Amino acid sequence: MKVSILGAGAYGIALSKILVDNGMNVIIWTKVQDEYDMLTQEHCNNIALPSFKIDKSIKITMNMEEAIKDAKVIFVATSIKFIKDVLLEAKKYYKKGQHVCMACKGITEDDLSFGSEMAQNILKSKKIGVISGGTFANDMVMDNLMGLVISSHNKSTSKIINKCICNKYIKTMITSDVLGVELCGAIKNVIAIACGIMDGENYSESTKSMFFTIFLNE
């Protein structure tokens with residue numbers, strides 16, 4: 001099954017490893033010439049994830065049509081601030097039967113939309129899903145046990161995304177609460193920054209525990 005990844009940053013590359021492990025035919029699209037050159041010549045992104053080399057079976061392209069043509073699932077793994085431009089370009093070649101999985105976290109600055117909302121509005125599709133969880137690219141490529149939440153209003157979309165990513169080291173949970181998953185994914189980033197500030201200021205574990213309890217309550 002052909003699966004495309006839009007975005008060649010750390011998370012997109014980590015996803016490619018999972019997908020190849022699960023027997024998928026993977027193609028990665030990037031709009032950045034430096035990323036394309038590194039991935040085609042050195043099989044790694046020396047800036048985003050320098051310690052990991054992608055599988056040589058993965059095709060790299062800067063051509064959006066080539067990337068998503070005949071793909072059963074399209075994973076969108078670009079930064080949220082670039083999501084609109086990427087989806088508008090993908091719209092030119094997107095077919096209604098294709099499933100889209102948003103693998104980006106956050107809220108757009110211009111209209112305060114989540115990734116799935118923007119995908120639905122631009123692609124005019126109901127086959128939109130999201131994945132989220134406490135997963136770091138460095139850990140993903142090391143086969144560390146971790147969990148991801150899959151969410152979609154379309155059961156077939158959730159099912160096929162699960163088939164793509166679930167394996168012995170990626171455990172999944174499926175829910176229809178798309179808004180809840182994306183909201184928690186965005187809030188998680190704020191909490192992570194706050195925890196980093198407390199680490200930098202050498203707050204005690206008890207102080208950090210108090211603030212983390214407040215975060216969870218809110």
Side-chain angles (χ1 to χ4, degrees), residues 1-30 39 45 48-49 52-60 67-68 70-80 83 86-87 90 94 97-106 114-116 119-120 123 125-182 184-186 188-189:
M1 179 169 67
K2 180 180 177 181
V3 177
S4 66
I5 300 172
L6 306 185
Y11 207 78
I13 291 172
L15 278 174
S16 76
K17 198 269 183 190
I18 296 170
L19 295 169
V20 168
D21 283 353
N22 289 355
M24 304 299 159
N25 178 18
V26 179
I27 182 168
I28 297 176
W29 171 88
T30 177
L39 290 169
N45 186 326
L49 203 61
F52 177 73
K53 289 187 178 293
I54 64 170
D55 192 281
K56 291 183 179 180
S57 68
I58 296 174
K59 185 173 180 59
I60 311 298
I68 68 176
D70 300 324
K72 188 69 174 178
V73 183
I74 302 166
F75 285 86
V76 183
T78 58
S79 169
I80 193 71
I83 203 73
V86 171
L87 289 171
Y94 174 76
Q98 295 175 300
H99 300 269
V100 177
C101 179
M102 308 304 292
C104 50
K105 299 181 180 74
F114 290 109
S116 67
Q120 289 173 356
L123 301 177
S125 172
K126 294 183 179 179
K127 294 186 176 183
I128 308 294
V130 301
I131 56 173
S132 189
T135 50
F136 294 97
N138 283 323
D139 294 331
M140 292 166 72
V141 299
M142 294 296 292
D143 294 0
N144 287 330
L145 182 65
M146 60 190 67
L148 279 170
V149 177
I150 300 169
S151 186
S152 176
H153 297 304
N154 186 299
K155 290 184 178 180
S156 64
T157 297
S158 293
K159 185 177 180 180
I160 197 164
I161 293 172
N162 188 60
K163 180 180 179 180
C164 287
I165 63 176
C166 183
N167 58 29
K168 63 182 181 181
Y169 61 91
I170 300 292
K171 303 306 176 183
T172 57
M173 181 174 68
I174 298 175
T175 175
S176 61
D177 184 12
V178 177
L179 177 60
V181 170
E182 289 191 289
C184 288
K188 180 268 298 178
N189 292 338

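When reading the values below, keep in mind they use all heavy atoms of this one structure, side chains included, and skip hydrogens, waters and symmetry mates. These numbers come from a predicted model, not from an experiment.
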Chemist: Atom CD1 of I28 and atom CD1 of I58: how far apart are they, to the nearest 0.5 Å?
Modeler: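 One finds 4.5 Å between CD1 of I28 and CD1 of I58.
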Chemist: Donor-acceptor check, side chain of S152 to backbone of I128, threshold 3.5 angstrom: yes or no?
Modeler: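 Yes; judged by distance alone, with no hydrogens or angles, the pair exists.
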Chemist: Got S156 and H99 here, is their nearest side-chain heavy-atom distance under 4.5 Å?
Modeler: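 They are in contact (side-chain heavy atoms under 4.5 Å apart), so the answer is yes.
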Chemist: Counting distance only, does the side-chain N/O of E182 pair as donor-acceptor with the main-chain N or O of V130 below 3.5 Å?
Modeler: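 Checked: no pair found.
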Chemist: Quick check on F136: does its CZ atom have over 12 non-hydrogen neighbours (other residues, nucleotides or ligands) under 6.0 Å away?
Modeler: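 It does not: F136 CZ has 12 such atoms or fewer within range.
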Chemist: Can you see which heavy atom on A90 is nearest to which on L6, and at what distance?
Modeler: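 Minimum heavy-atom contact is CB-CD1, 4.4 Å.
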Chemist: Nearest 0.5 Å, please: how far is CG in D70 from CE in M1?
Modeler: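 Spacing of CE (M1) from CG (D70) equals 13.0 Å.
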Chemist: Over all heavy atoms of both residues, which pair between L49 and A137 is shortest? Give the atoms and the distance, please.
Modeler: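 Minimum heavy-atom separation between L49 and A137: CD1-CB, 4.2 Å.
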Chemist: Under the side chain to side chain contact (heavy atoms under 4.5 Å, CB included) rule, what do L39 and I13 come out as? Steps first, then yes or no, please.
Modeler: CA-CA 10 Å; L39 290 169; I13 291 172; 4.1 Å; yes
Chemist: Take atom NZ of K163 as the centre, draw a 6.0 Å sphere, and report whether it contains more than 12 heavy atoms from other residues, nucleotides or ligands.
Modeler: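 Result for NZ/K163: open.
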Chemist: Report, as yes or no, whether the 6.0 Å neighbourhood of atom NZ on K126 holds more than 12 heavy atoms from other residues, nucleotides or ligands.
Modeler: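 Counting neighbours around NZ of K126, 12 or fewer heavy atoms of other residues, nucleotides or ligands fall under 6.0 Å, so no.
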Chemist: About how many Å separate CG of D139 and CG of L145, when rounded to the nearest 0.5 Å?
Modeler: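 L145 CG to D139 CG: 11.0 Å, rounded to 0.5 Å.
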Chemist: Kindly give the heavy-atom pair with the smallest separation between V26 and V20, and that separation in Å.
Modeler: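 V26 and V20 have their closest heavy atoms at CG2-CG2, 3.9 Å.
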Chemist: Should D143 and K17 count as an ion pair when the cut-off is N to O under 4.0 Å?
Modeler: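 Salt bridge present between D143 and K17.
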Chemist: Nearest 0.5 Å, what's the CG-OG1 distance between L148 and T172?
Modeler: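 Reported value, rounded in 0.5 Å steps: 8.0 Å.
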Chemist: Give a yes or no on this: more than 12 heavy atoms of other residues, nucleotides or ligands lie within 6.0 Å of atom CE of M146.
Modeler: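 Yes, enclosed.
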Chemist: Any sub-3.5 Å donor-acceptor pair from N45's side-chain atoms to A8's backbone N or O?
Modeler: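 Checked: pair present.
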Chemist: Output yes when a side-chain donor or acceptor of N22 lies under 3.5 Å from a complementary backbone atom of C164, and no otherwise.
Modeler: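 Checking the backbone N and O of C164 against the side chain of N22, a donor-acceptor pair under 3.5 Å is found.
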Chemist: Just how far is it from atom CG of D55 to atom CG of D21, taken to the nearest 0.5 Å?
Modeler: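 Separation between the atoms: 8.5 Å.
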Chemist: Give the minimum heavy-atom separation between A103 and Y11, together with the two atoms involved.
Modeler: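 Closest heavy-atom pair between A103 and Y11: O-CD2, 3.9 Å.
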Chemist: Run the side chain to side chain contact (heavy atoms under 4.5 Å, CB included) check on Y94 and L87 step by step: do they pass?
Modeler: CA-CA 9 Å; Y94 174 76; L87 289 171; over 6 Å; no
Chemist: Within the 4.5 Å heavy-atom criterion, are K59 and N25 side-chain neighbours or not?
Modeler: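 A side-chain contact under 4.5 Å is absent here.
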Chemist: Under the side chain to side chain contact (heavy atoms under 4.5 Å, CB included) criterion, do F75 and L19 qualify, and how do the steps go?
Modeler: CA-CA 11 Å; F75 285 86; L19 295 169; 3.9 Å; yes
Chemist: Under 4.5 Å between any side-chain heavy atoms of K127 and I160, yes or no?
Modeler: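 No. Closest side-chain heavy atoms not under 4.5 Å.
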Chemist: Rounded to the nearest 0.5 Å, what separation is found between the CD1 atom of I5 and the CG atom of L15?
Modeler: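 With rounding to 0.5 Å, CD1 (I5) is 5.5 Å from CG (L15).
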Chemist: Taking all non-hydrogen atoms of both residues into account, name the closest pair between Q98 and I68 and its distance.
Modeler: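 Closest approach of Q98 to I68, heavy atoms only: NE2-O, 2.6 Å.
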Chemist: So which heavy atom on A77 is nearest to which on G12, and how close?
Modeler: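 For A77 versus G12, the nearest heavy atoms are CB-CA, 3.9 Å.
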Chemist: State whether the number of non-hydrogen atoms from other residues, nucleotides or ligands found under 6.0 Å of K2 atom NZ is greater than 12.
Modeler: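 More than 12 within 6.0 Å, yes.
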Chemist: Check the pair F52 / N138 against side chain to side chain contact (heavy atoms under 4.5 Å, CB included), numbers first and verdict last.
Modeler: CA-CA 8 Å; F52 177 73; N138 283 323; over 6 Å; no
Chemist: If the test is side chain to side chain contact (heavy atoms under 4.5 Å, CB included), which one of I161, T157, I174, V181 qualifies with S151?
Modeler: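 Of I161, T157, I174, V181, side chain to side chain contact (heavy atoms under 4.5 Å, CB included) with S151 is met by V181 alone.
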Chemist: Among I74, T78, I83, find the one that has a side chain to side chain contact (heavy atoms under 4.5 Å, CB included) with M102.
Modeler: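 Filter result, single survivor: I83.
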